[in-house]
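Here is how names work: the chains are called A, B, and so on, in the same order as the sequence lines, proteins then strands, and each is numbered from 1.
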Protein chains: 2
Amino acid sequence: MATLKQVAAHAEVSVQTVSNALNAPHRLRADTLQRVTRSIELLNYRPNRNARSLRTSAVELVGYCVPSWPKGQAHLVMDQFLHALCAAAESSGRHILLFTAPAGIDGMKVYDDLHARRLVDGFVLSQTETKDPRHPWLAKRKIPFVSFGRVWGENSQPGSWVDVDGAAGCAMAVRHLVEAGRTRIGFIGWPRTSGLAQDRLSGWRTACREAGLPLAGLSVACRADTIEEGSRAAARLLDAERPVDGIVALSDVLALGALREINHRGLRPGVDVGLTGFDDSPLASVVEPGLTSLRQPIDEIAASLVKLLSDPPTRATTRLLLPELVIRGSSSPG
Amino acid sequence: MATLKQVAAHAEVSVQTVSNALNAPHRLRADTLQRVTRSIELLNYRPNRNARSLRTSAVELVGYCVPSWPKGQAHLVMDQFLHALCAAAESSGRHILLFTAPAGIDGMKVYDDLHARRLVDGFVLSQTETKDPRHPWLAKRKIPFVSFGRVWGENSQPGSWVDVDGAAGCAMAVRHLVEAGRTRIGFIGWPRTSGLAQDRLSGWRTACREAGLPLAGLSVACRADTIEEGSRAAARLLDAERPVDGIVALSDVLALGALREINHRGLRPGVDVGLTGFDDSPLASVVEPGLTSLRQPIDEIAASLVKLLSDPPTRATTRLLLPELVIRGSSSPG
DNA sequence: CTGAAAGCGCTTACAG
DNA sequence: CTGAAAGCGCTTACAG
């Protein structure tokens with residue numbers, strides 16, 4: 001492995017000049033630069049990142065905690081997000097360092113340790129929870145971080161965040177169903193304690209109201225994000241005195257449950273009942289008919305997060321992105 | 001941020017002694033160790049990893065290339081694998097560094113660069129392909145790596161690997177179906193060019209033969225790992241003069257296609273036709289009836305990989321693990 | 001058991 | 001535009 005010193009000797013310049021050739025080429029005369037560059041190539045020199053980091057105290061590594069899921073409850077779009085995050089980081093010479101940590105406040109000593117030992121410069125948080133303790137904890141200690149997702153607390157959230165506009169997304173879904181002629185659209189969500197659920201619910205409510213559609217008794221809160229709960233909720237909406245002809249579900253999994261219930265009853269999804277999900281997970285295109293779903297702009301989210309972490313603006317910044325409605329058979333025939 | 005020097009001053013010993021307290025505590029007298037430990041805690045000292053790595057030239061970071069997938073073709077068990085890999089690495093003080101790289105030989109300069117700049121000590125390869133160019137490339141340059149999966153070449157594969165015994169797994173699936181009374185079991189796989197497909201096919205063949213079951217015309221090779229191909233293959237097996245009453249599919253996705261076809265025909269999965277998949281992906285427990293599938297022992301695989309990379313045996317080592325048959329409704333009623 | 005010193009491979013004011 | 005020197009924070013023979 002060639003070192004800076006060896007390159008300098010080979011090019012007959014000082015190590016400082018080689019370092020400049022790499023980090024500030026404009027400081028060199030053209031012919032010197034060329035000579036140094038040639039030596040670098042000849043010796044196949046690659047700067048040692050540890051030495052650099054020790055000197056500059058920047059490791060150009062971003063910590064990301066890989067969530068652990070209850071059995072079978074895999075995060076279906078995580079690999080897409082991770083790939084996008086990696087690609088975004090690499091476009092500015094950074095990389096992602098993966099780690100595991102206990103949930104909640106107990107995990108914070110892991111974050112602290114990684115930062116204190118200089119394994120990472122900062123963190124990208126995701127799987128943000130209502131009243132997530134990580135944000136204030138990190139902010140208090142001045143450990144750099146950005147958040148994918150809001151904390152939904154009463155007070156303003158510490159740090160920069162990027163999120164998807166769930167309300168706007170669900171409103172898009174409602175309008176899409178209205179255009180397909182639906183007149184009674186239900187919402188399948190989670191309890192009010194979840195900020196994310198409230199957000200998406202509000203989009204459904206607003207759009208229904210704007211379209212002059214009824215709301216009363218048409219929103220169901222599921223206790224868990226499972227197929228079974230989705231089925232049960234759909235059954236309730238379809239068993240009502242005046243059954244729904246459209247369903248907006250808060251997640252793909254709930255939508256899949258609804259899809260099953262619709263099929264069980266001999267109703268035709270996309271014909272008798274229009275249905276939409278959220279996330280455009282791999283499940284959405286695997287079922288039949290395909291599930292219309294709201295796709296989060298993963299690449300843009302990842303790029304924003306990395307940018308906010310790498311070049312932190314002077315004050316905390318927020319960015320709300322629109323999801324994209326991916327239309328499949330569950331909401332429109334053919 | 002406290003440094004070694006400050007801790008040494010505080011404990012009134014040399015820096016060498018503090019370093020020993022951390023890395024070779026047995027060299028210190030008990031009272032010295034205690035005094036030093038107290039100072040470390042008081043000053044909340046955390047050793048700078050970059051300085052350590054520069055000195056020892058070990059970064060304790062394992063590179064893992066996050067695969068990019070064609071749209072919608074997410075790797076459904078990847079987040080489980082990544083979590084297991086992280087946890088395994090952390091149990092020996094290591095971490096996972098994620099990166100992206102072009103497929104095949106074009107990506108090797110990325111691997112080379114990460115290693116040369118000392119961002120990683122070595123690599124865990126996965127998504128291994130038939131005649132994967134990465135293994136010989138890395139071996140030739142003496143860049144440490146281990147492989148999850150075999151390369152299936154004619155020659156012996158460079159480097160250590162860990163893999164799941166697909167043949168044994170598919171044989172287990174066949175025997176399970178035989179026990180449930182099936183007498184005509186088909187296999188849905190991929191073309192013979194895939195070593196993995198050959199492996200799993202051979203398990204089906206062996207077990208059928210041992211059970212005295214027919215083989216002729218009962219294996220179908222799909223061109224792609226999609227629902228549609230799985231459906232088509234199942235249709236062929238069910239349209240035969242003597243239709244099958246059991247199907248072993250090479251993947252969960254193909255099995256899901258078969259499940260759809262079985263349902264379409266008004267046949268009852270698990271009753272009229274027994275069906276199994278491979279991977280126990282999140283899809284398997286989400287469909288109805290649940291899909292019987294072969295679960296790869298992810299945690300054990302990850303632990304083996306990290307161990308082989310961290311404490312490389314003197315000669316390349318291989319480890320073949322048994323998958324576990326997870327039985328759900330698709331292969332047995334109730 | 002403990003300590004003084006060299007050195008890992010860089011970058012960065014500073015001087016020329 | 002170029003170079004000599006200090007120093008980032010550790011570890012590791014080596015000496016006492």
Run the side chain to side chain contact (heavy atoms under 4.5 Å, CB included) test against [X] and tell me which residues pass, sequence neighbours left out.
X         : answer
Arg319(B) : Val162(B), Glu300(B), Ser304(B), Leu321(B)
Val15(A)  : Leu4(A), Lys5(A), Ala8(A)
Ser14(A)  : Gln16(A), Thr17(A)

Specify the separation, in whole Å, of atom [atom1] of [X] and atom [atom2] of [N].
X        : N       : atom1 : atom2 : result
Leu22(A) : dT2(D)  : CG    : P     : 15 Å
Arg35(A) : dC1(D)  : CZ    : P     : 14 Å
His26(B) : dT2(C)  : NE2   : C1'   : 14 Å
Arg49(A) : dC10(C) : CZ    : P     : 12 Å

Tell me, please, which residues at least two apart from [X] pass salt bridge (charged side-chain N to carboxylate O under 4.0 Å, His left out).
X         : result
Arg141(A) : none
Arg134(A) : Asp132(A)
Glu60(A)  : Arg49(A)
Arg27(A)  : none

Dot-bracket for DNA chain C, 5' to 3', Watson-Crick and G-U pairs with both distances under 3.5 Å, [ ] for crossing pairs, | for partner on another strand, reads |||.||||||||.|||
Could you tell me if the ring centre of Phe145(B) sits under 6.0 Å from that of Tyr111(B)?
->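 Here the rings of Tyr111(B) and Phe145(B) have centres that are no less than 6.0 Å from each other.
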Have a look at Thr32(B) and say if it touches a base, only the backbone sugar-phosphate, or nothing, with a 4.0 Å heavy-atom cut-off.
-> sugar-phosphate
Mind checking Asn23(A) for me? I need base, sugar-phosphate or nothing, with any heavy atom below 4.0 Å counting as a touch.
->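 Sugar-phosphate: the residue Asn23(A), judged by heavy atoms under 4.0 Å, touches backbone atoms but no base.
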Sequence neighbours left out, what passes ring pair (Phe, Tyr, Trp, His ring centres under 6.0 Å) with His10(B)? Give chain and number order.
-> none
Nucleotide N/O to protein N/O under 3.5 Å, stretch nucleotides 7-9 of chain D:
unit_1, atom_1, unit_2, atom_2, d
dG7(D), N2, Arg55(A), NH1, 3.4
dG9(D), N2, Ala51(B), O, 3.3

Taking 4.0 angstrom as the limit, do Asp311(B) and Lys307(B) come out as a salt bridge?
->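 Salt bridge present between Asp311(B) and Lys307(B).
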Hey, does the side chain of Ser14(A) come within less than 4.0 Å of dA4(D)'s phosphate (OP1/OP2), counting only N and O?
-> no
Considering just the side-chain nitrogens and oxygens of Ser19(A), establish if one lies under 4.0 Å of OP1 or OP2 belonging to dC10(C).
->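 Ser19(A) to dC10(C) OP1/OP2: no side-chain N or O under 4.0 Å.
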For residues 100-110 of chain A, tabulate all N or O donor-acceptor pairs below 3.5 Å that involve a side-chain atom, not counting sequence neighbours.
unit_1, atom_1, unit_2, atom_2, d
Thr100(A), OG1, Glu90(B), OE1, 2.4

Restricting to nitrogen or oxygen on both sides, can you table the protein-nucleotides 13-16 of chain D pairs closer than 3.5 Å?
unit_1, atom_1, unit_2, atom_2, d
dA13(D), N6, Gln16(B), NE2, 2.8

